[in-house]
Amino acid sequence: MNARRVHAVLAAGVENPTLISGWRAEPARLIRLGIDPAGFDLDAVWKFSGLTIKVRHNAVRQLLPGTFRLMTIAGLEIGLFADYAAFRKASGQPYAATTTQRTHDLVEFITGWIDPSVPLHALLGDIVRHEHALVCLNTPPALPEIQNDVACEVARVVALPPSAVPEICGRIAIHEMHCDPLGLAGALRQAVPPLADIPLQAGYYCYWRSNQQLEIAVVEIDEFGFYALSLVDGSRSVADLSQAMGGRRRPTRRFTRSLAQLEDLGLLTFRRGRRVGVA
Amino acid sequence: MKFFEADEGRTQIGLAYGPGFEGFIASNAGLIDYVEIPFEQLRHTPQLGIIQEQLPIVLHCASLSVAGFIAPSDATVDALVDRVRHTRTPWIGEHLAFVSADGITEEADRDLTPTNLTYTLCPQLSDETVQRVVENMASFKDVFSVPLILENSPQYFPVPGSTMNMVDFVSEVASQTDTGLLLDLSHFAITSLNTKVDAVKEIDRLPLERVVEIHVSGYNEQEGVVWDDHAAPASALVFDLLARVAARARPKALTLEYNWLTFPTSVLLSHIERSRALLERV
């Protein structure tokens, strides 16, 4: 087979893995290109395209070190990046120019790619969201999942009336995890990460960068806190939250007590709102 | 500015540039002799050249597509000539591979402009490609003021139409040109493992006296294939191969290609020490 032609077909397949899918389904297309399909390991070329895209994301490794470590240990890197290469090509999206945006794009793909019923995938989903939350909270512009910046100087509203409007004190990202993400990140820093020893147990975590502290706190919260924080947008009142979470507009004492606990943690502050109907 | 000066009595040890490099050399002054930087990275980020105030630079390159049929642009060649002049690199380490190829008409909306990749590909291992390499090397002969040395590719799958294995291909290129070799031991191990040949026996068939520089880095196995991985430490096999080469040759330089320092510094330090010990034992 003519070397020049072989190189052309190989390069085309690596650059555009969707072609490989087509050649798999219709080997006659390869014959028309002057290539004998019998001697062409399309699966390996597909995987190789994954390697090339993995290398193009080397700078992202600095932002998601645990994610890359886990992908390597679990043997998921090549397959994942090969699928990512095909996905980007099929959707006509070039790779972002900046490392930060490339990180956001990759994280979005990984979170959709994993099958959470597979334990190693579940761990990958946790570590990538854990590290992405840290990246986001260390990045100044507003990003998805991050709430607005507000000052934390509002005096506590003792009785927490239904019209009070909760606001996030600083910026947060919240996630439902399959394991303790801090434990997982610690394990991945070990020479031989004991992944099998990491208990899979659902939990809710809030990544919080307050206005007073530069360090990001990772706070385990309960289910109520998770859903309440996901609804806090700086305009919904306590009554609105109660209703959105399936209760009445006049919140129960238990509801307001739970909200007050988030305030005690420093995550929320309340400003007095105009009176709202609580019927 | 520091410039590489070959020392006939010993192999100099260098490190590929990557994140954390400055911190590493700040805390380990004098430990390494040079830094290897890809020409493409230096072209894109010229300010990296400031590192030459501390260490000599050896240029690596992936743009010349010496085993390919599409020549690099004049602008690329000119930029490389310029970097060679500035850095006074002792040689240019280029991949025995291709990075550009003819376009194909598979896609209706695509013309025949060449396909330019961002990663080098192992070429067809055949007489036809050898001849092409010979022609390409001849065309570069008077362009650069320093030698081009050629690095063996990692082979991940059989390239259609190949008629020889990697050692035969590299040997044939070496016999038909006067080029020196950049022997990447990890690539060599990867190729041997993927093509199921005995790496230790195969390395003895290479013209090791032509080896100018050695690369050491890691690899990992995924999806039934062994892949290059600069974030992984070199395996025992790679060090066995290094010992084998050191017994027969005295390369001018050895570069640890750990340009993604995500493994402990202690591993890097031990690999520098181990490499130096193997090369100085002879």
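Proteins get letters first, then strands, A, B, ... in listed order; numbering begins at 1 in each.
Inter-residue side-chain proximity for A:Glu77 and B:Asn220 is flagged as met; some heavy-atom pair is nearer than 4.5 Å. B:Val225 places none of its side-chain heavy atoms less than 4.5 Å from the side chain of A:Ile78. Considering only heavy atoms from C-beta on, A:Val14 stays 4.5 Å or farther from B:Tyr119 through its side chain. B:Ile104 has its side chain within reach of A:Arg5: a pair of non-hydrogen atoms, C-beta onward, lies under 4.5 Å apart.
Heavy atoms closer than 4.5 Å to chain A are found in the backbone of B:Thr120, but not in its side chain. Of the two parts of A:Asp43, neither the backbone nor the side chain holds a non-hydrogen atom closer than 4.5 Å to a non-hydrogen atom of chain B.
With A:His7 contributing its side chain and B:Gln124 its backbone, the two residues share a donor-acceptor pair below 3.5 Å. The main-chain N or O of B:Glu223 is found under 3.5 Å from a side-chain atom of A:Lys47 such that the two form a donor-acceptor pair.
By the neighbour-count criterion of 12 heavy atoms within 6.0 Å, atom CD of A:Gln93 is densely surrounded, having more than that number from other residues, nucleotides or ligands. Atom CD of B:Gln176 is surrounded by more than 12 heavy atoms from other residues, nucleotides or ligands within 6.0 Å. Dense packing is recorded around CD of B:Gln47, with more than 12 heavy atoms of other residues, nucleotides or ligands lying under 6.0 Å away. Within 6.0 Å of atom CD in A:Glu108, 12 or fewer heavy atoms from other residues, nucleotides or ligands are found, so the atom counts as exposed in its surroundings.
In this structure, the separation between CZ on A:Arg4 and CD on B:Glu128 is 9.5 Å, given to the nearest 0.5 Å. One finds the OG1 atom of B:Thr118 at 9.0 Å from the CD atom of A:Glu15 (value rounded to the nearest 0.5 Å). To the nearest 0.5 Å, atom CD of residue B:Gln222 and atom CD1 of residue A:Ile73 are 10.5 Å apart.
The heavy-atom pair separating A:Ala3 from B:Thr129 by the smallest distance is CB-OG1, 3.7 Å. Here the shortest heavy-atom pairing between B:Tyr156 and A:Ala44 reads O-CB, 4.5 Å.
When each of A:Asp41, A:Leu51, A:Ile53 is checked for heavy-atom pairs under 4.5 Å with chain B, A:Leu51 comes out on top. Here A:Leu10 is the residue among A:Ile35, A:Leu10, A:Asp36 with the most heavy-atom pairs under 4.5 Å with chain B.
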- prompt: Should B:Leu117 and A:Thr52 be marked as a side-chain contact (heavy atoms from CB on, under 4.5 Å) after you check the CA-CA gap, both sets of side-chain angles, and the distance that decides it?
  reply: CA-CA 9 Å; B:Leu117 300 169; A:Thr52 69; over 6 Å; no
